[in-house]
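Sequence positions, counted from 1, serve as the residue numbers for this chain. What you see is a predicted model, and the numbers here were worked out from it, not measured in a lab.
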Amino acid sequence: MVERAVGAVADLGTRAREQGDGPSLLLRGVRKAFADVQAVDGLDLEVPRGECFGLLGPNGAGKTTTIEMCEGLTTPDQGTVEVLGLNWHNGADSLRQRIGIQLQETQFPDKLTVEETLRMFRSFFKRGISVDESIRTAQLEEKRKSRVGGLSGGQKQRLAMACALVGDPELLFLDEPTTGLDPQARRHLWDLVDGLKQAGRTIILTTHYMDEAERLCDRVAIMDHGKVIALGTPQQLIGTIGGEDIVEFAVSGIEATGHGSVDVAPLLAIHGVQSHRVDAGLHQLSVSELHLAVPRIFAALNQQGLHLSEFRTHSATLEDVFVRLTGRNLRDE
C-alpha cells in the first residue's frame, strides 16, 4: 500500500521541487481571542520547506484556530503570519493557488460523482494535476463514477485529500484528517501522507493521535491553552521524560485507595526508575533498563504488602510526554 501511494504522488507536478529557500510558514507573536477565551496566545513557529510538521494537543488547545489563521480563514488579533513568504493582506490570490487544504470535515454535494467533484475543484486552479491523476493518488479508481453520498467515511476523507492536491500545492494543510476513521482507513491516509512527504511536499498536520504524529511528522509542536509547550522531533520529545519505557500498575489491599497507599521512595531508589506519578489510581513509572527494573518493582511492592490488580508496560510515547507536561491525557476535554 505504501509503495502504491508513493508511486502515485511521485509524479505530482513540479511545485515541490520549485520551492524557494525561505520557510513555508512563519508565525511571530500571533494572538487570537474569541470573547473572553484566548485561543492562541503569543505563538511563534517556523516550518522549513519540505517538512511534515505536526501541531498536537487536545480539543481547545488552539490547533484549529492556528491553522485557520495560516489558511487565511481567520484574521489574527496580533502578530505576523507569513505563508510561502507572503501574507493574506497582499498576497491572497497567489496563496490560494499555491496551498491545499483538507478540513476536519468537508461537505461535498451528495449527488455529484467523485469525478465530477474533482473536476469542479480542479477548475478553481490555474495550474495543477489532472483529475485522473488525483483519483489515482487517492486510490479512488473504483469509485470514480460513484456518487459522493454513497461513499464511506474513509473514502470521503480520501476524496477530500484528492481535492486538496488537485491544485498541485506547495504547502498542504491537513486538519485532523483521520478523526473518526476506522483503523484501516487511517492506514490508507497515512500511506498517502508518507508518499507526499517523500515527494517533497511541505505538510502541516494537526492531530490528537500521538501515534499518527510519531509515524508521520519530522517535528512536532505540542500546544496547550494557545501556547507551544514543547517543540522538537518525536524522538527528542520522548527523550525528555527520562526513560525508554513506562510501567503502569494499580494495587489492591492495605489502604490501596490513593497516593498514600504506596511508599514511592523505594520505587524511586530502584536503578533505572526515573520518575513517578499517579493518575486516577494508576501509578506510572518512567523506566530505563526495563528488564532489570521490573523484578525490583515487584519486590518493592511485595515488601509493602501490596497486591497488584493491574500491571503493564509500554514504550514511551508522545502521549506520555503530553501527560508529563500537562498532568492530563491528550484527549481530555
Participant: Any luck finding a side-chain donor-acceptor pair between Asn302 and His307 under 3.5 Å?
Facilitator: no

Participant: Enumerate the residue pairs fulfilling salt bridge (Lys or Arg N to Asp or Glu O under 4.0 Å) with a member in residues 239-251, sequence neighbours excluded, ordered by first and then second residue.
Facilitator: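 Listed once each, the pairs are Glu248-Arg312.
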
Participant: Give every residue pair that meets the ring pair (Phe, Tyr, Trp, His ring centres under 6.0 Å) criterion with at least one member in residues 123-163, sequence neighbours excluded.
Facilitator: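 Counting only pairs at least two positions apart or across chains, the ring pair (Phe, Tyr, Trp, His ring centres under 6.0 Å) contacts touching residues 123-163 are Phe121-Phe124.
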
Participant: Minimum heavy-atom separation for Ala160 to Phe108, with atom names?
Facilitator: CA-CZ, 3.8 Å

Participant: Partners of Glu68 by side chain to side chain contact (heavy atoms under 4.5 Å, CB included), sequence neighbours excluded?
Facilitator: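 For Glu68 the side chain to side chain contact (heavy atoms under 4.5 Å, CB included) partners, ignoring immediate neighbours, are Thr64, Glu71, Leu73, Thr74.
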
Participant: How long is the gap from CZ on Arg158 to OG on Ser134, to the nearest 0.5 Å?
Facilitator: 13.0 Å

Participant: How about Leu205 and Val193: do any of their side-chain heavy atoms sit closer than 4.5 Å?
Facilitator: no

Participant: So, using side chain to side chain donor-acceptor pair (under 3.5 Å) as the criterion, who are the partners of His291 when residues are at least two apart?
Facilitator: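 Checked His291 against side chain to side chain donor-acceptor pair (under 3.5 Å); zero matches.
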
Participant: Evaluate the side-chain proximity of Leu174 to Ile203: yes if any heavy-atom separation is below 4.5 Å, no if none is.
Facilitator: yes

Participant: Treating Ile, Leu, Val, Met, Phe, Trp and Tyr as nodes and any side-chain heavy-atom pair under 4.5 angstrom as an edge, say whether Val37 and Met69 lie in one connected cluster.
Facilitator: no

Participant: Using salt bridge (Lys or Arg N to Asp or Glu O under 4.0 Å) as the criterion, list what pairs up with Lys227, not counting sequence neighbours.
Facilitator: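 Lys227: salt bridge (Lys or Arg N to Asp or Glu O under 4.0 Å) contacts with Asp41.
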
Participant: Could you tell me whether the side chain of Thr202 reaches within less than 4.5 Å of the side chain of Val47, counting heavy atoms only?
Facilitator: yes

Participant: When you check the gap from the basic side-chain N to the acidic O, do Arg49 and Glu170 get nearer than 4.0 Å?
Facilitator: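 The answer is yes: the pair qualifies as a salt bridge.
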
Participant: When rounded to the nearest 0.5 angstrom, what is the spacing between CZ in Arg187 and CG in Leu192?
Facilitator: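 So the CZ of Arg187 and the CG of Leu192 are separated by 15.0 Å.
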
Participant: Is there side-chain contact between Thr66 and Leu27, with at least one heavy-atom pair below 4.5 Å?
Facilitator: yes

Participant: So that I can tick it off, tell me whether Asp191 and Arg215 are bridged by a salt bridge, with the cut-off set at under 4.0 angstrom between side-chain N and carboxylate O.
Facilitator: yes

Participant: Ser286: which residues meet the side chain to side chain donor-acceptor pair (under 3.5 Å) condition with it, sequence neighbours left out?
Facilitator: none

Participant: Okay, side chain of Gln102, backbone of Gln157: is any donor-acceptor separation there less than 3.5 Å?
Facilitator: yes

Participant: Nearest heavy-atom pair of Leu189 and Gly154: which atoms, and what distance?
Facilitator: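 Closest approach of Leu189 to Gly154, heavy atoms only: CD2-O, 4.4 Å.
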
Participant: Under 3.5 Å, is there a donor-acceptor pair between the side chain of Gln236 and the main chain of Thr233?
Facilitator: yes

Participant: May I ask you to test the Leu118-Leu159 pair for a side-chain heavy-atom distance under 4.5 Å?
Facilitator: yes

Participant: Measure the shortest side-chain to side-chain distance between Leu86 and Glu82 over non-hydrogen atoms and say whether it is less than 4.5 angstrom.
Facilitator: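 Not touching, per the 4.5 Å side-chain cut-off.
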
Participant: Between Trp88 and Val81 (side chain of the first, backbone of the second, donor and acceptor by atom type, cut-off under 3.5 Å), is there such a pair?
Facilitator: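 Pair absent, no side-chain N/O of Trp88 close to backbone of Val81.
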
Participant: Can Ile204 be reached from Leu26 by stepping across I, L, V, M, F, W or Y side chains whose heavy atoms are under 4.5 Å apart?
Facilitator: no

Participant: Checking the side chain of Thr80 only, and the main-chain atoms of Arg28 only, is there a donor and an acceptor separated by less than 3.5 Å?
Facilitator: no

Participant: Any carboxylate oxygen within less than 4.0 angstrom of a Lys/Arg side-chain nitrogen, looking at Arg136 and Glu141?
Facilitator: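 No, Arg136 and Glu141 are not salt-bridged.
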
Participant: Could you walk me through whether Val247 and Gln284 pass the side chain to side chain contact (heavy atoms under 4.5 Å, CB included) test, one step at a time?
Facilitator: CA-CA 6 Å; Val247 172; Gln284 298 176 345; over 6 Å; no

Participant: For Phe298, which residues count as a ring-ring contact (aromatic ring centres under 6.0 Å, His included) partner, sequence neighbours excluded?
Facilitator: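 So Phe298 forms a ring-ring contact (aromatic ring centres under 6.0 Å, His included) with Phe311.
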
Participant: Considering all heavy atoms of both residues, which atom of Val148 and which atom of Val114 are nearest to each other, and what is their separation?
Facilitator: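 Taking every non-hydrogen atom into account, CG2-N, 4.4 Å.
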
Participant: Does Thr113 use its side chain to pair, donor to acceptor, with the backbone of Lys145 at less than 3.5 Å?
Facilitator: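 No, because the side chain of Thr113 does not come within donor-acceptor range (under 3.5 Å) of the backbone of Lys145.
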
Participant: Does any pair with a residue in residues 37-69 pass ring pair (Phe, Tyr, Trp, His ring centres under 6.0 Å), and if so which ones, sequence neighbours excluded?
Facilitator: none

Participant: Does any non-hydrogen side-chain atom of Leu237 lie less than 4.5 Å from one of Leu318?
Facilitator: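 Yes, at least one pair of side-chain atoms sits under 4.5 Å.
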
Participant: Do Leu151 and Lys143 come within less than 4.5 Å of each other through their side chains, counting heavy atoms only?
Facilitator: yes

Participant: Not counting sequence neighbours, which residues clear salt bridge (Lys or Arg N to Asp or Glu O under 4.0 Å) with Glu212? List them please.
Facilitator: Arg186

Participant: Step by step, would you call Asn87 with Val83 a side chain to side chain contact (heavy atoms under 4.5 Å, CB included)?
Facilitator: CA-CA 6 Å; Asn87 63 66; Val83 182; over 6 Å; no

Participant: Would the number of heavy atoms belonging to other residues, nucleotides or ligands and lying under 6.0 Å from CZ of Arg147 be above 12?
Facilitator: no

Participant: Once rounded to the nearest 0.5 Å, what's the spacing between atom CG of Leu56 and atom CG of Asp224?
Facilitator: 11.5 Å

Participant: Tell me whether Val264 shares a hydrophobic cluster with Leu282, the cluster being built from Ile, Leu, Val, Met, Phe, Trp, Tyr side chains joined at under 4.5 Å.
Facilitator: no

Participant: Considering all heavy atoms of both residues, which atom of Gln155 and which atom of Leu140 are nearest to each other, and what is their separation?
Facilitator: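 Closest pair (atom of Gln155, atom of Leu140, distance): O-CD2, 4.1 Å.
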
Participant: Please name the pair of heavy atoms, one in Leu171 and one in Ser24, separated by the smallest distance, quoted to 0.1 Å.
Facilitator: CD2-O, 4.0 Å

Participant: What closest approach, in Å, do Gln304 and Pro266 show between heavy atoms, and which atom pair accounts for it?
Facilitator: NE2-CG, 4.2 Å

Participant: Carefully, step by step, assess Leu268 and His276 under the rule side chain to side chain contact (heavy atoms under 4.5 Å, CB included).
Facilitator: CA-CA 7 Å; Leu268 292 175; His276 167 270; 3.9 Å; yes

Participant: Answer yes or no: is there a donor N or O on one side and an acceptor on the other, between the side chain of Gln198 and the main chain of Gly195, under 3.5 Å?
Facilitator: no

Participant: Partners of Lys32 by salt bridge (Lys or Arg N to Asp or Glu O under 4.0 Å), sequence neighbours excluded?
Facilitator: Asp77

Participant: Closer than 3.5 angstrom, by distance alone: can the side chain of Thr65 be matched with the main-chain N or O of Gly62 as a donor-acceptor pair?
Facilitator: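 Checked: no pair found.
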
Participant: Can you name the residues that form a salt bridge (Lys or Arg N to Asp or Glu O under 4.0 Å) with Arg296, not counting sequence neighbours?
Facilitator: none

Participant: Checking Thr106 now: which residues fulfil side chain to side chain donor-acceptor pair (under 3.5 Å) with it, not counting sequence neighbours?
Facilitator: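 Thr106 satisfies side chain to side chain donor-acceptor pair (under 3.5 Å) with no residue once adjacent residues are dropped.
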
Participant: Taking Lys197's backbone N and O only, do any of them form a donor-acceptor pair with Asp194's side chain (distance below 3.5 Å, no angle check)?
Facilitator: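 Side chain of Asp194 to backbone of Lys197: no pair is present.
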
Participant: For a salt bridge (charged side-chain N to carboxylate O under 4.0 Å, His left out) check, start with the C-alpha distance between Arg122 and Asp168, then their side-chain angles and the critical distance, and finish with the verdict.
Facilitator: CA-CA 10 Å; Arg122 176 63 184 86; Asp168 190 18; over 6 Å; no

Participant: Quick one: sort the His283 and Phe249 rings into parallel, tilted or perpendicular, breaks at 30° and 60°.
Facilitator: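 Ring orientation, 0 to 90° scale: parallel.
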
